[in-house]
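Working notes for the structure below.
Numbers here are sequence positions counted from 1.
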Amino acid sequence: MNIKNILLVSPMYRELQALIEKEAPHKNFRFMPEEELSQDDLSWADALVSFNLKTEYDYSTVKWVHSLGAGVDRFLHKKDWNQEVLLTRTICSFGQRISEYCLSYILKDLQLHDRFQEQQQQKIWVQSTPKLIREQKVLVYGTGEIGQRIAEVFSGLGVNVYGVSLGGKEKAGFTKVMTLDTHFSVLNEMDYVINTLPLTERTEKLFNDAIFSGLSNAGFINVGRGASVDDTALLQALTNNKIRFAILDVFEQEPLADSNPLWNHPRVHITPHISAITTPSEGAACFLETLKNIDDNRLLANKVDTNKGY
């Protein structure tokens, strides 16, 4: 594949330009924010580098699209994709960042931070015993790169980590891996549930009454995609104590609308899609490595199966 003209569209385009241009002097680049992007730019380009563009564009005119994020649903979900266009994604420290994000909230829960904070405010001295993390069971939806890193980190602390994937193939770090069809029997045993799944037709609104009703006072963390969760079912599960609390980093519509009831729910904790941010240095490094592999006709570890959606 001959890639000569490369269009990079991102809010951090200036930072990326400083990191990329000097490393690929034989390529022609255009760096810009989305507000300046036109279909003429896409017609000029052999490759587009971007993530989460707000407007719909025709990507069939380029040879290669590279996502600056781990997810590619903005390019694929409910869209027709030209199979002749290569699609790759960013692989960097996402797994580690998300593992630490999830671990921080689970430790906060186990160590009773909120309870002791309330007691401090009321000047109450009452001892309660924190729980040990090694006594917990965690169910991770998605056993890809990110899910495997979560399993590695948590199992290293003695946690029993269970996984759910489409194929149910056993993976290192997981006590057991089940499929979406076979995992329901273990739901009521789980202390925490973590979603890392990409958004596909199969995972859209996956977390609904069918799953939430099987839980028993579990903590729920969503670092996958917001559209994988039925918000009405989530709120009902919180009311029914099927879910003890929800940590939500991703939403179907971002930013989350002011009128959304999740904002004010006392047992919902919201973060603005920061569990796995692409830094300019990591984004540039992965792009440059992918570009070199394409130029050298090497195997691409970050190539997306556009039929599967990940």
Side-chain angles (χ1 to χ4, degrees), residues 67 69-73 75-78 87-103 106 136-157 159-215 218-230 233-234 243 247-250 275-276 300-310:
S67 171
V72 292
D73 51 276
F75 298 107
L76 295 178
H77 188 54
K78 295 184 177 179
L87 179 61
T88 58
R89 65 187 185 91
T90 296
I91 297 177
C92 56
S93 65
F94 294 144
Q96 185 64 31
R97 290 178 183 276
I98 286 178
S99 297
E100 294 181 12
Y101 175 95
C102 295
L103 181 61
I106 289 177
Q136 310 307 305
K137 290 184 178 180
V138 175
L139 182 62
V140 179
Y141 285 79
T143 61
E145 179 203 357
I146 290 172
Q148 287 179 59
R149 183 57 183 155
I150 292 174
E152 181 182 359
V153 169
F154 278 67
S155 63
L157 294 170
V159 179
N160 285 312
V161 185
Y162 295 78
V164 179
S165 67
L166 293 177
K169 182 180 178 182
E170 296 298 327
K171 298 283 183 69
F174 291 97
T175 301
K176 183 179 181 181
V177 178
M178 300 153 285
T179 68
L180 288 171
D181 298 321
T182 64
H183 78 289
F184 290 93
S185 62
V186 304
L187 285 174
N188 66 349
E189 302 174 24
M190 296 300 142
D191 300 293
Y192 301 95
V193 172
I194 301 171
N195 175 43
T196 74
L197 289 167
L199 179 61
T200 66
E201 290 186 10
R202 185 80 188 274
T203 65
E204 186 172 15
K205 297 293 185 289
L206 172 69
F207 293 90
N208 54 28
D209 288 332
I211 287 179
F212 289 143
S213 63
L215 298 173
F220 177 69
I221 301 176
N222 188 17
V223 288
R225 284 293 178 261
S228 293
V229 177
D230 181 329
L234 172 63
I243 296 176
I247 310 297
L248 307 176
D249 185 54
V250 289
S275 62
L300 300 172
N302 58 338
K303 181 180 178 180
V304 174
D305 185 329
T306 55
N307 291 313
K308 292 181 177 180
Y310 53 90

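The backbone N or O of Y162 sits nowhere less than 3.5 Å from a side-chain atom of T175 that would complete a donor-acceptor pair. Judged by distance alone, the side chain of T203 and the main-chain N or O of P198 form a donor-acceptor pair under 3.5 Å. Between the T196 side chain and the Y141 main chain, a donor and an acceptor come within less than 3.5 Å of each other. Checking side-chain atoms of N302 against main-chain N and O of R89 turns up a donor-acceptor pair under 3.5 Å. A donor-acceptor distance shorter than 3.5 angstrom exists from the side chain of S67 to the backbone of G71, with no hydrogens or angles considered. Panel note: side chain N222, backbone R225; a donor-acceptor pair is recorded below 3.5 Å. Checking side-chain atoms of D249 against main-chain N and O of S275 turns up a donor-acceptor pair under 3.5 Å. Here the side chain of E204 pairs no donor or acceptor atom with the backbone of S228 at under 3.5 angstrom. Between the side chain of T179 and the backbone N or O of T182, at least one donor-acceptor pair lies under 3.5 Å.
Rounded to the nearest 0.5 angstrom, L215 CG and D191 CG are separated by 10.5 Å. Atom OG1 of T143 and atom NZ of K169 lie 9.0 Å apart (nearest 0.5 Å). Taking CG from L76 and NZ from K78, the interatomic distance works out to 14.0 Å, rounded to the nearest 0.5 Å. To the nearest 0.5 Å, atoms CE (M178) and CG (L139) are separated by 5.5 Å. If you take CG on L103 and CD1 on I194, they are separated by 9.0 Å, rounding to the nearest 0.5 Å. Distance CG/N160 to CE/M190: 8.5 Å, rounded to 0.5 Å.
Looking at residues two or more places apart in sequence or on another chain, you find a salt bridge (Lys or Arg N to Asp or Glu O under 4.0 Å) between E189 and K137. Checked against salt bridge (Lys or Arg N to Asp or Glu O under 4.0 Å), E100 has no partners two or more places apart in sequence or in another chain. K205 pairs by the salt bridge (Lys or Arg N to Asp or Glu O under 4.0 Å) definition with E252, not counting sequence neighbours.
Here the shortest heavy-atom pairing between V177 and S165 reads CG1-OG, 3.7 Å. Shortest non-hydrogen contact noted between S155 and V161 is N-CG2, 3.9 Å. Annotation for V140 and G147: closest pair CG1-CA, 4.1 Å, computed over non-hydrogen atoms. Minimum heavy-atom separation, F220 to V229: CZ-CG2, 3.9 Å. Nearest heavy atoms, D209 versus A233: OD1-CB, 3.4 Å. In terms of heavy atoms, T88 sits closest to K303 at CG2-CA, 4.1 Å.
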*Might you work through the side chain to side chain contact (heavy atoms under 4.5 Å, CB included) test for Q136 and I106, ending with a clear yes or no?*
CA-CA 10 Å; Q136 310 307 305; I106 289 177; 5.6 Å; no
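The one candidate from V223, L234, N195 that meets the side-chain contact (heavy atoms from CB on, under 4.5 Å) condition with L248 is L234.
A heavy-atom distance below 4.5 Å is found between the side chains of Y101 and I247. No side-chain heavy atom of I221 sits under 4.5 Å from any side-chain heavy atom of Y192.
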